[in-house]
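A short write-up of the structure that comes next.
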Amino acid sequence: MRKLRPFKKVLVIGGGGREHAIIKKLKENPEVEEIFAIPGNGGIAADATCLDIAATDIDKIVEFAYFNVINFAVVAPDDPLVLGCVDALENHGIPCFGPNADAAIIEGSKIFSKDLMKKYGVPTAEYATFTNIDDAIVYVETCKIPIVIKADGLALGKGVIIAETRDEARAAVISMMQDMKFGKSGAQIVIEEFLEGPEVTVLSFTDGKTLVPMISSMDHKRALDGDKGLNTGGMGVIAPNPYYTKEIADECMEKIFLPTMAAMNAEGRTFKGCLYFGLMLTADGPKVIEYNCRFGDPETQVVLPLLETDLLTIMKACRFETLDELEIKFKDECCCCVVMASKGYPEKYDKGFEITFDDGRDNVFIAGAKLEDGKLLTNGGRVLCATRTAPTLEEAIDKAYEAVKTIHFENAYYRTDIGQRALKAGK
Ligand code: AMP
Ligand code: GLY
């Protein structure tokens, strides 16, 4: 790799459990002297200097990074990426990990990503796109049911409705296109075929020339045990995903991952950073459910603890297009993360309760907390992620739940079955 100045001062944009996991991993590199987080949170404050700037306030972010001579920035969340945070920082001479806005559109517009997959033959659900509500309503009168209705733009992971009946489908179209439930994000929609099969997340590192998949994982999106209840940002995750065999991984590399990288290049939208593949393993083979232009949350909280290769080195290689020179290794172990949330999440919940730890905070990633008078208080829906690594999945799950028992706050809620489906798959 080309010789670079040491990256002493690193800035991470974002303030959830994902960013905490990234920061803890970046700290392992002795070259890093100081990490800043925008905005970070009360728990991240133990590992980085947190700044009271919104993750979407691009002007203020650039101003801070420029005047504080930041050597490298990691832009983790979707909204600043889609808004062009990387473009703005790079224009001021600050190298970044993350895609520019032209490439972040792969997550920013579902219509873009569906059309990309169609044009380049990447397997995905059949679909139709609509900009006019009357056409969408006519379509749902005759389409196959169940059907999946998706807002085109970003919607905090909530812009997807699986309609089990025609009435639900009609209501979903109206809520998005007429009542604007997801704001401008739902002005255009995708209506797509309902797919079935196990879901797998594969994050990948890419510099636009080389793509290296990370260890696979299985998110648990529903709020309640048994995969019931509302969709959330993710209530827990395990890695690796036992459904994702070597054969399937090879097929995904050939039919999905490399063709997607090449497609973005062909469109003049070279993607550099972490490209997230949300996959469904259907009877017809693996298909893409969604792309994200960033690390997943909570997937990152199990993938990074298993990463052996230095994270900053990989991120630099993505930025400077030298990923082919690296060998990226993962531990041959398993990891489980149980999200402890505020009771009521993802709807209404109370916050401001003190969080205490009997056993310290190693391997705990804090997602929604603030510091007040030296106390750590709950400050969000997803509060923290108890994470443990072990030689087997069973042990990792047991250890993660043991860790949960040592962490206390009023109104804590967590699922009790994280990883159980994966354990059954392995048998
Ligand atoms: P997304 O926010 O795009 O990840 O979608 C949320 C969840 O909806 C996914 O994790 C899937 O479980 C489900 N989903 C999305 N698209 C489809 C589809 N075409 N068929 C079945 N389930 C889907
Ligand atoms: N865990 C799903 C996501 O990050 O979008």
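Start at 1 with the first residue, then count along the sequence. Counting starts at 1 for both ligands and their atoms, following the listed order.
- Residues in residues 230-260 take part in these ring pair (Phe, Tyr, Trp, His ring centres under 6.0 Å) pairs, two or more places apart or across chains: Phe257-Phe277.
- Sorted by first then second residue, the ring pair (Phe, Tyr, Trp, His ring centres under 6.0 Å) pairs that include residues 129-155, not counting sequence neighbours, are Phe130-Tyr139.
- The side chain of Ile162, and not its backbone, has at least one atom closer than 4.0 Å to an atom of ligand 1 (non-hydrogen atoms only; side chain from C-beta on).
- Residues passing the side chain to side chain donor-acceptor pair (under 3.5 Å) test with Thr165, sequence neighbours excluded: none.
- Not one N or O on the side chain of Arg382 forms a donor-acceptor pair closer than 3.5 Å with the backbone of Met340.
- Inclusion of Asn231 in the set of residues having an N or O under 3.5 Å from an N or O of ligand 1 is not warranted.
- In summary, the side chains of Thr56 and Asp79 do not present any donor paired with an acceptor at a separation below 3.5 Å, with no hydrogens or angles considered.
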Tabulate distances under 3.5 Å between N/O atoms of ligand 2 and N/O atoms of the protein, writing both atom names on each line.
residue: ligand 2; atom: 1 (N); partner: Asp219; partner atom: OD2; Å: 2.9
residue: ligand 2; atom: 1 (N); partner: Asp297; partner atom: O; Å: 2.9
residue: ligand 2; atom: 1 (N); partner: Glu299; partner atom: OE1; Å: 2.8
residue: ligand 2; atom: 1 (N); partner: Glu299; partner atom: OE2; Å: 3.3
residue: ligand 2; atom: 4 (O); partner: Arg294; partner atom: NH1; Å: 3.0
residue: ligand 2; atom: 4 (O); partner: Asp297; partner atom: N; Å: 3.0
residue: ligand 2; atom: 5 (O); partner: Asn292; partner atom: ND2; Å: 3.2
residue: ligand 2; atom: 5 (O); partner: Arg294; partner atom: NH2; Å: 2.9

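- You'll find the ring centres of Phe36 and Phe64 inside the 6.0 Å limit.
- Every atom of ligand 1 with a heavy atom of Phe194 under 4.0 Å away is listed here by number and element: 20 (N), 21 (C).
- Residue contacts with ligand 1 for Glu196 are absent, since no atom lies close enough (heavy atoms, distance under 4.0 Å).
- Below 4.0 Å from some heavy atom of Glu199 lie the following atoms of ligand 1, by number and element: 9 (C), 10 (O), 11 (C), 12 (O).
- On a distance-only criterion, Leu195 and ligand 1 share at least one N/O pair closer than 3.5 Å.
- In summary, the atoms of ligand 1 found under 4.0 Å from a heavy atom of Glu192, numbered by their order in the structure, are 16 (N), 17 (C), 18 (C), 19 (N).
- Side chains of Asn100 and Asp87: no donor on one and acceptor on the other come within 3.5 Å.
- Counting heavy-atom neighbours within 6.0 Å of Asp52 CG, excluding the residue itself, gives a total of 12 or less.
- The side chain to side chain contact (heavy atoms under 4.5 Å, CB included) test with Tyr127 singles out one residue from Ile191, Ile111, Asp115, and that residue is Asp115.
- How far CD1 of Ile366 is from CD1 of Ile23: 12.0 Å, rounded to the nearest 0.5 Å.
- Using a 4.0 Å cut-off to heavy atoms of Val160, the atoms of ligand 1 that qualify are 1 (P), 2 (O), 3 (O), 5 (O), 8 (O), 15 (C).
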